[in-house]
There are 2 protein chains.
Amino acid sequence: MTAVTIQCCAPIAREPLSEADAAELATLLKAVADPVRLRLLSMIGSHPGGEACVCDLTGVFDLTAPTISHHLKVLRTAGLIDGERRGTWVYYRIIPEAVNKLGVLFAPLAAPAKAQNGPVDVELLNA
Amino acid sequence: MTAVTIQCCAPIAREPLSEADAAELATLLKAVADPVRLRLLSMIGSHPGGEACVCDLTGVFDLTAPTISHHLKVLRTAGLIDGERRGTWVYYRIIPEAVNKLGVLFAPLAAPAKAQNGPVDVELLNA
DNA sequence: GAGCTGTTTAGATAAGTTTCTATTCAGGAG
DNA sequence: CTCCTGAATAGAAACTTATCTAAACAGCTC
């Protein structure tokens with residue numbers, strides 16, 4: 001069991017985001033800001049074993065296979081998922097570090113907007 | 001000090017999002033998936049007193065006032081901020097409940113994608 | 001190798017977004 | 001009341017995105 005410390009950006013209400021951080025986070029957010037991609041991400045992440053075959057994903061939507069493939073590519077390009085071909089099928093899995101960047105960004109502040117606490121360390125346990 | 005319990009949707013990797021939840025969350029995410037709006041949100045949220053005047057926000061960007069006004073409207077329409085006119089100036093503040101929905105969505109799971117824990121309660125302290 | 005199934009790429013079209021300029025609305029000062 | 005400043009609305013132009021059909025690529029089976 002390894003402990004990973006994430007330290008990308010402070011929560012959104014703690015201090016003003018720099019232009020560069022905002023650009024990086026916006027890229028990540030644009031990738032998830034779509035109902036199809038949100039569902040794909042949650043279907044992949046919650047699938048037993050932590051990975052899902054494209055064939056598990058296409059049937060659920062009223063969309064053609066190329067469209068699903070396009071959305072998967074957007075998620076992969078953003079660094080949110082990773083895909084691997086094993087024989088006939090391609091399997092995708094979530095990259096937790098990318099999701100955690102967003103978790104930190106929107107983490108609730110105990111004290112409201114006073115910005116006087118220390119830096120944020122989100123400890124995440126990898127099995 | 002009041003304790004508010006947020007229970008919109010499970011974290012993204014816990015269970016597949018419903019079509020309706022995905023649509024609602026995507027609306028919220030589209031609003032924040034822009035570098036300017038991310039910075040506006042963080043500038044408003046981290047401003048002393050928890051609110052910021054539009055006049056505090058326009059000077060920071062190389063954008064015209066109507067463009068900033070447009071971005072603020074997008075954030076307000078999504079329910080992420082609220083604005084109030086007091087005399088000459090208009091003041092905006094963050095609506096924490098909306099931000100917390102995203103915090104829960106991207107909250108890290110201690111156990112990786114096994115989906116066998118109880119429901120998630122994020123406790124947030126309002127002053 | 002030939003043919004089949006699963007997945008991705010290419011190219012086109014329709015819809016949505018970001019930004020601007022010009023104008024209008026809201027409130028305070030002379 | 002008239003003028004001035006802060007903020008929002010309206011409309012237009014440039015750009016990006018979502019989706020499709022058609023075609024290509026990857027690997028299995030016979």
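Just so we're on the same page: letters track the sequence lines, and every chain starts at 1.
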- Below 4.0 angstrom from OP1 or OP2 of D/dC25, is there any side-chain N or O of A/R85? no
- Do the side chains of B/I95 and B/I81 get nearer than 4.5 Å, heavy atoms only? no
- Item | With A/P66, the side chain to side chain contact (heavy atoms under 4.5 Å, CB included) member among A/I68, A/T64, A/L63 | A/T64
- Value in whole Å for how far the P atom of D/dT17 lies from CG of A/L63: 18 Å
- Message: Base, sugar-phosphate or nothing for A/Y92? Non-hydrogen atoms, less than 4.0 Å.
- Response: sugar-phosphate
- Message: If you compare every side-chain N and O of A/T67 against the phosphate oxygens of D/dT19 (OP1, OP2), does one of them come in below 4.0 Å?
- Response: no
- Separation of D/dA7 C1' from B/L72 CG (nearest whole Å): 10 Å
- Assign each of A/H71 and B/A65 the nucleotide of DNA chain D bearing its closest heavy atom; nearer the 5' end lies the nucleotide of B/A65
- Message: If you compare every side-chain N and O of B/Y91 against the phosphate oxygens of D/dG6 (OP1, OP2), does one of them come in below 4.0 Å?
- Response: no
- Task: Taking A/R37 for its side chain and A/K30 for its backbone only, find out whether a donor-acceptor pair lies under 3.5 Å.
- Result: yes
- Check the distance between D/dT21's C1' and A/I68's CD1 and give it to me in whole angstrom. 16 Å
- In whole angstroms, the gap separating C1' of D/dA7 from CG of B/L40 amounts to 14 Å
- Item | Donor-acceptor contact below 3.5 Å, side chain B/T77 vs main chain B/K73 | yes
- Residue pair B/S69/A/D34 against DNA chain D: nearer the 5' end by closest nucleotide is B/S69
- Message: Between P on D/dT9 and NE2 on B/H70, what's the gap in Å once rounded to a whole number?
- Response: 12 Å
- Message: Counting only side-chain nitrogens and oxygens, does B/K73 get under 4.0 Å of the OP1 or OP2 atom of D/dT9?
- Response: yes
- Would you say B/D56's side chain and B/A52's backbone share a donor-acceptor pair under 3.5 angstrom? no
- Message: If I take atom CZ in residue B/R86 and atom C1' in nucleotide D/dA7, what distance separates them, rounded to the nearest angstrom?
- Response: 15 Å
- Task: Please state how far atom CG in B/L57 lies from atom P in D/dG6, giving the value in whole angstrom units.
- Result: 14 Å
- Query: Are A/E24 and A/K101 within salt-bridge range, i.e. N to O under 4.0 Å?
  - Reply: yes
- Would A/L25 and B/F61 show up in the same hydrophobic cluster when neighbours are defined by side-chain heavy atoms closer than 4.5 Å? yes
- Rounded to whole angstroms, how far apart are NZ on A/K30 and P on D/dC15? 16 Å
- Task: Would you mind classifying the nucleic acid contact of B/T88 as base, sugar-phosphate or nothing, using non-hydrogen atoms under 4.0 angstrom?
- Result: sugar-phosphate
- Taking any atom under 4.0 angstrom from a heavy atom of chain B, which nucleotides of DNA chain C are the first and last to qualify, 5' to 3'? C/dT18 to C/dG28
